[in-house]
There are 2 protein chains.
Amino acid sequence: MTNTVPGAGRRAPSCVTGLRERKKQRTRGALARAAMELFTTQGYEATTVDAIADRVDVSQRTFFRYFAGKEDAAFVVDEIVEEHYVAAVRDRPAHEAPMEALRGAIRETWQELFAAVHELVPAELHMRMYQVVESTPALLAVRLRRQAQLEQRITEVVARREGLDPRTDLRPQVLVAAFSGVVRTASQAWGQHADVSPETMRRSLERHLAVFGPELLGGWRAS
Amino acid sequence: MTNTVPGAGRRAPSCVTGLRERKKQRTRGALARAAMELFTTQGYEATTVDAIADRVDVSQRTFFRYFAGKEDAAFVVDEIVEEHYVAAVRDRPAHEAPMEALRGAIRETWQELFAAVHELVPAELHMRMYQVVESTPALLAVRLRRQAQLEQRITEVVARREGLDPRTDLRPQVLVAAFSGVVRTASQAWGQHADVSPETMRRSLERHLAVFGPELLGGWRAS
DNA sequence: AGTCAATTGTCAGCGACTGACATAAACTCC
DNA sequence: GGAGTTTATGTCAGTCGCTGACAATTGACT
């Protein structure tokens, strides 16, 4: 089902591990890693697609057969994390309230984040890449769009958990939007932090989540 | 202070209305309107910068002296709305709780939205343009980035209202992020609506805001 | 081994964008 | 109102992201 990109062959099974399929996965991984290394060292704009392709000894044309655009090579990690997150929300115990489930899922996801990605890219590179995306306008825009799409998927999952139709009952949509906004501030704050480590990441998340309670919506002067 | 873009002259006052300045504003407006007309009729990707420039009888190079990129011509309206919103939050009565102030400000802004923009572009074009941005991935990404930047500004304003330092106290940041997420779902839902009118816009906003209360963060099963 | 399908490189071309230079227009001051 | 100085504009050449088309190579299956 999940083909490694170039031409979804009409009869190709693509899930079994033929020599061909392994080769494709290797090239794709190599391209992604090469791209990230160049992006983090030279900057995104200063890196040409030719440079990425040369580093893997393929033609520029081949790069574009694996990635629809230069940007996409920067989001292979995000892609994995997104899948983990969706699965995590889905697998949360049914008795949890929606907000609890989201909180638990994001904690899980961020906890296992580096382990899940480790095979593809070293943690060091991954963290620097996160900052590159945050500080490059063109990439940041794409990340935010991806997260907006992710919100849609999460909304579906939450609605199903509660047995609601998201078009009728707006609560899933609204909760997910608000919650995602909060998570984004947490990751943003973490990205600006000088010491980017799994530990500071966890702490940033908890600090932001702690504030997001019913008291936030009322007056603050009494506090 | 607000120069119309081509070369910020070292001695040019640029706030007074010289013949030169008026001419620039006219071409800038004409370029923006031409761009929006083409974007809404042919689609964003199918519209070339040459086509936009030709329609205003200037060279392609001149277009890029007024707008840093093809995208930017699509966001002159958003820019105005953003300014209105910031001002609206700032001018809210000091006794209002942060959440109240944000709610009031967004209502105000959306109410006067079409009137505020009317001089630059007709309402019809404006609304169709909104949908074009929502349905064009490249443009949607930019809009989301702009809104993220807007959140930062609003956070500053809210923090100042409450006499807080946004780096110490995370509440402004977190509230604004959550609230902005909710507003975004409202505008998104409106954009997908078949009948895009000021009336349906207001209703979408109220429906989404109504859901965003303390009950949302707890369990829903009791309801 | 031979056939078939799928990946790859090469090439030509489009569109977004930029720096450099020359021209023409508007502003300034006398 | 004319001389000199900014400042906007057009032209040109060039880079980079990206795509379609074709031919050559390589893996897969019998």
Side-chain angles (χ1 to χ4, degrees), chain A residues 3-31 35 38-39 42-54 56-74 136-139 141-142, chain B residues 3-31 35 38-39 42-54 56-74 136-139 141-142:
Chain A
N3 209 342
T4 327
V5 142
R10 60 184 64 189
R11 280 185 184 182
S14 81
C15 45
V16 296
T17 53
L19 194 155
R20 202 170 226 159
E21 200 61 25
R22 267 182 292 137
K23 233 178 170 178
K24 281 198 296 180
Q25 294 209 357
R26 260 198 307 125
T27 334
R28 187 180 160 84
L31 280 171
L38 291 172
F39 291 163
Q42 311 178 341
Y44 174 73
E45 317 279 4
T47 304
T48 66
V49 175
D50 283 291
I52 302 170
D54 284 351
V56 189
D57 279 308
V58 295
S59 69
Q60 191 211 49
R61 193 63 180 90
T62 296
F63 175 91
F64 285 114
R65 288 199 175 97
Y66 283 96
F67 299 100
K70 183 180 159 187
E71 315 162 339
D72 298 296
T136 306
L139 292 181
V142 173
Chain B
N3 210 339
T4 328
V5 141
R10 60 183 64 188
R11 280 185 183 180
S14 81
C15 43
V16 295
T17 52
L19 194 155
R20 198 170 228 158
E21 199 62 25
R22 266 182 292 138
K23 235 179 168 178
K24 280 199 295 181
Q25 295 210 358
R26 258 198 310 124
T27 34
R28 187 179 159 86
L31 280 171
L38 291 172
F39 291 165
Q42 311 179 343
Y44 174 74
E45 318 278 5
T47 304
T48 67
V49 175
D50 283 290
I52 301 170
D54 283 352
V56 188
D57 279 308
V58 294
S59 68
Q60 191 211 51
R61 194 65 180 86
T62 295
F63 175 92
F64 285 114
R65 287 197 177 99
Y66 283 96
F67 299 101
K70 182 180 159 187
E71 315 162 338
D72 298 298
T136 306
L139 292 180
V142 174

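Note that these values count all heavy atoms, side chains included, but never hydrogens, waters or copies made by symmetry. Every chain is numbered from 1 and lettered A, B, ... according to where its sequence line falls, protein lines coming before strand lines.
The CZ atom of A:Phe39 sits 7.0 Å away from the CG atom of A:Leu139 when rounded to the nearest 0.5 Å. The distance from atom OG1 of A:Thr48 to atom CD of A:Gln42, rounded to the nearest 0.5 Å, is 8.0 Å. How far CD of B:Glu21 is from NZ of B:Lys24: 4.0 Å, rounded to the nearest 0.5 Å.
Put simply, A:Tyr66 has no side-chain N or O that comes within less than 4.0 Å of OP1 or OP2 on C:dT7. Taking side-chain N and O atoms only, B:Lys23 has no distance below 4.0 Å to OP1 or OP2 of C:dA25.
Rounded to a whole Å, the CZ atom of A:Phe64 is 18 Å from the P atom of D:dA21. Between the CZ atom of A:Phe67 and the P atom of C:dT7 there is a distance of 15 Å, rounded to whole Å. In this structure, A:Arg61 atom CZ and C:dA12 atom P are separated by 15 Å, rounded to whole Å. Across the protein-nucleic acid pair, B:Glu21 atom CD and C:dA26 atom C1' stand 12 Å apart, rounded to whole Å. Rounded to a whole Å, the CG atom of B:Asp50 is 14 Å from the P atom of D:dC12. The interatomic distance linking A:Glu71 (CD) with C:dA16 (P) rounds to 16 Å, in whole Å. Rounding to whole angstrom units, CD of residue A:Gln60 and C1' of D:dT15 are separated by 12 Å. Across the protein-nucleic acid pair, A:Leu31 atom CG and D:dC18 atom C1' stand 16 Å apart, rounded to whole Å.
A donor-acceptor contact under 3.5 Å is formed by the side chain of A:Arg20 with the base of C:dA6. For A:Arg22 against D:dG27, a side-chain-to-base donor-acceptor contact under 3.5 Å is absent.
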Output a table of donor-acceptor pairs, distance under 3.5 Å, between side-chain atoms of residues 56-67 of chain A and any protein atom two or more places apart or on a different chain; print 'none' if there are none.
from	atom 1	to	atom 2	distance (Å)
A:Ser59	OG	A:Thr62	N	3.3
A:Ser59	OG	A:Thr62	OG1	3.2

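Closest non-hydrogen pair, B:Leu31 versus B:Ile52, comes out as O-CG2, 3.8 Å.
Taking for each of A:Tyr44 and A:Arg65 the nucleotide of DNA chain D with the nearest heavy atom, the 5'-most of the two is the partner of A:Tyr44.
Closest to the side chain of A:Lys70, from the set C:dT8, C:dT10, D:dG17, is D:dG17.
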